Amino acid sequence: MHDRTELLVVGECVADVVRLPDQEDTVHPGGSPANVAHGLARLGHRPTLLTQLGPDDNGRLIRDHLVSAGVVVRTDGASAPTPSAVVTLDGAGRASYAFDVAWTLGPVAVEPAPGHVHTGSIGAVVEPGAATVLDVVRAARATATVSYDPNVRPDLMGDHGAAVRRVEECVRLSDLVKASDEDLAWLYPGEEPEKVAARWLERGPAVVLVTRGGDGALAVFPGGRIAVAAAPVDVVDTVGAGDAFMSGTLHALAAHGLLGAGARDRLHTVDRDALTGVLRHAVASAAVTVSRAGANPPDAGELREALARN
């Protein structure tokens, strides 16, 4: 462990049914928030994941996967089937998704008070559960910093204008926001990602991160912008890459003592060198993940090795 911050992740678990040409389907644990929690546990933290899991084979598979890594799994007791997604990979390993998701997370007491809350993806936009997620985030801000990744899934976002408003509300509540250039292209067609990031920064976050696939990542913060190149890697597939980037980011921020409401002012005045180091950790974490199949993020030793290579 790098610090004693209570890390809470709120959002969906999804059973990813991976479909490849001329092969049998295989089921893998997934869901963006669940992947972030798993990535944090792999890096030596003990996060709590507030989520929903059905009393079915997929739910048991995902729970076992998370618990074995060190994630504390909390559910609201609902008995709906575990959400699923058919993941189709193209020849370059890029993933597309077809979802079967119900997200009905009900009110749950959050104890102990978290020092950092991460949310995003389906859990922050699909009702009725999204309302619970935002209630948790609002209540937690007294003790916690907040991170958010919209992880846009167009098929589940509903009306475009309403989706943009919901995303912007989540941005306003957050201290750290991470989005991909593809997310921003869907939310704001035709706009430059860096300009969107700068506009989001004005809404309240300390840092806005934009991932750009093979072109690396950039950070927009009050001190300007920082760009970091992608690590050279042979890509097997991109499943879970953005989530590994997020868990690597939070791991590095924790190491700098920049998580928790008491660190909010320091996060909002983070210096260029520290933020560059955070970005390098994030990019290295994603690089390890895309170098092997599925959402399989690095442990702390693998992350150190990846940083040493780059």
Side-chain angles (χ1 to χ4, degrees), residues 9 11-45 47 49 58 61-71 84-97 118 120-121 149 151 153 178 180-182 209 211-217 228-252 278-310:
V9 181
E12 74 278 0
C13 294
V14 178
D16 287 340
V17 183
V18 178
R19 185 160 294 167
L20 293 167
D22 304 319
Q23 296 185 33
E24 288 189 11
D25 290 350
T26 56
V27 180
H28 298 282
S32 176
N35 289 343
V36 172
H38 182 249
L40 286 167
R42 292 270 294 163
L43 291 169
H45 303 272
L49 175 66
N58 286 343
L61 172 74
I62 294 171
R63 184 184 292 272
D64 289 348
H65 166 74
L66 293 168
V67 170
S68 66
V71 178
S84 63
V86 174
V87 184
T88 304
L89 300 176
D90 66 14
R94 291 184 295 264
S96 59
Y97 298 82
H118 174 74
S121 196
D149 176 2
N151 193 45
R153 299 300 185 214
K178 170 255 166 191
S180 71
D181 50 4
E182 293 176 344
L209 305 176
T211 59
R212 303 184 293 184
D215 293 326
V228 173
V233 64
D234 292 326
V235 176
V236 173
D237 68 47
T238 62
V239 177
D243 304 323
F245 183 99
M246 191 74 241
S247 56
T249 297
L250 296 177
H251 175 68
V278 169
L279 268 182
R280 288 187 62 247
H281 276 76
V283 166
S285 181
V288 173
T289 304
V290 302
S291 72
R292 51 202 190 190
N296 185 6
D299 63 23
E302 290 171 327
L303 181 55
R304 283 193 297 270
E305 291 173 5
L307 285 163
R309 286 195 299 269
N310 299 297

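Quick caveat: nothing in here was measured; it's all calculated off a predicted structure.
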Would you indicate whether Glu182, at its atom CD, is surrounded by more than 12 heavy atoms from other residues, nucleotides or ligands within a distance under 6.0 Å? no

Quick check: closest heavy atoms across Pro33 and Ser121, and the distance to 0.1 Å? CD-CB, 4.1 Å

I'd like to know if Lys178 pairs up with Asp149 as an ion pair, taking the criterion as any Lys NZ or Arg NE/NH1/NH2 lying under 4.0 Å from an Asp or Glu carboxylate oxygen. yes

My understanding is that only one of Leu61, Val67, Leu66 makes a side-chain contact (heavy atoms from CB on, under 4.5 Å) with Arg63; could you say which? Val67

Sub-4.5 Å side-chain heavy-atom contact between Asp16 and Val27: no

Mind listing the closest non-hydrogen atom pair of Ala15 and Ile62 along with its distance? N-CD1, 3.8 Å

Kindly give the heavy-atom pair with the smallest separation between Ala231 and Ala287, and that separation in Å. CB-CB, 3.7 Å

Applying the side-chain contact (heavy atoms from CB on, under 4.5 Å) test to Arg42, which of Asp299, Val71, Leu303 qualifies? Asp299

Taking the side chain as every heavy atom from C-beta outward, state whether Cys13 and Pro29 have any atom pair closer than 4.5 Å. no

For the pair Glu12 and Arg153, find out whether any cationic side-chain nitrogen is under 4.0 Å from an anionic carboxylate oxygen. no

What class does the angle between the rings of His281 and His251 fall in, given that below 30° is parallel, 30 to 60° is tilted and above 60° is perpendicular? tilted

Checking the side chain of Ser285 only, and the main-chain atoms of Ala244 only, is there a donor and an acceptor separated by less than 3.5 Å? yes

Is the shortest side-chain heavy-atom distance between Thr211 and Asp181 below 4.5 Å? no

Heavy-atom check, side chain of Pro297 versus side chain of His38, under 4.5 Å: yes

Between CD on residue Glu302 and CG on residue Leu43, distance to nearest 0.5 Å: 9.5 Å

Are there over 12 heavy-atom neighbours, none belonging to Asp234, within less than 6.0 Å of that residue's CG? no

Heavy-atom closest pair (Val233 atom, Ser291 atom, distance to 0.1 Å) is CG2-CB, 3.5 Å

Taking all non-hydrogen atoms of both residues into account, name the closest pair between Val288 and Ala306 and its distance. CG2-CB, 3.7 Å

Below 4.5 Å, heavy atoms only, C-beta onward: do Leu40 and Leu250 meet side chain to side chain? yes

Within-4.5 Å side-chain heavy-atom neighbours: Val36 and Phe245: no

Inter-residue atom distance Arg19.CZ - Asp25.CG, 0.5 Å rounding: 4.0 Å

Quick one: are Ser32 and Val14 in side-chain contact, heavy atoms under 4.5 Å? no

Could you tell me whether the side chain of Arg292 and the main chain of Asn296 form a donor-acceptor pair under 3.5 Å? yes

Spacing of NE2 belonging to His28 relative to CG belonging to Asn35, to within rounding of 0.5 Å: 12.0 Å

For Ala286 and Ala241, work out which heavy atoms get closest and say how close. CB-O, 3.6 Å

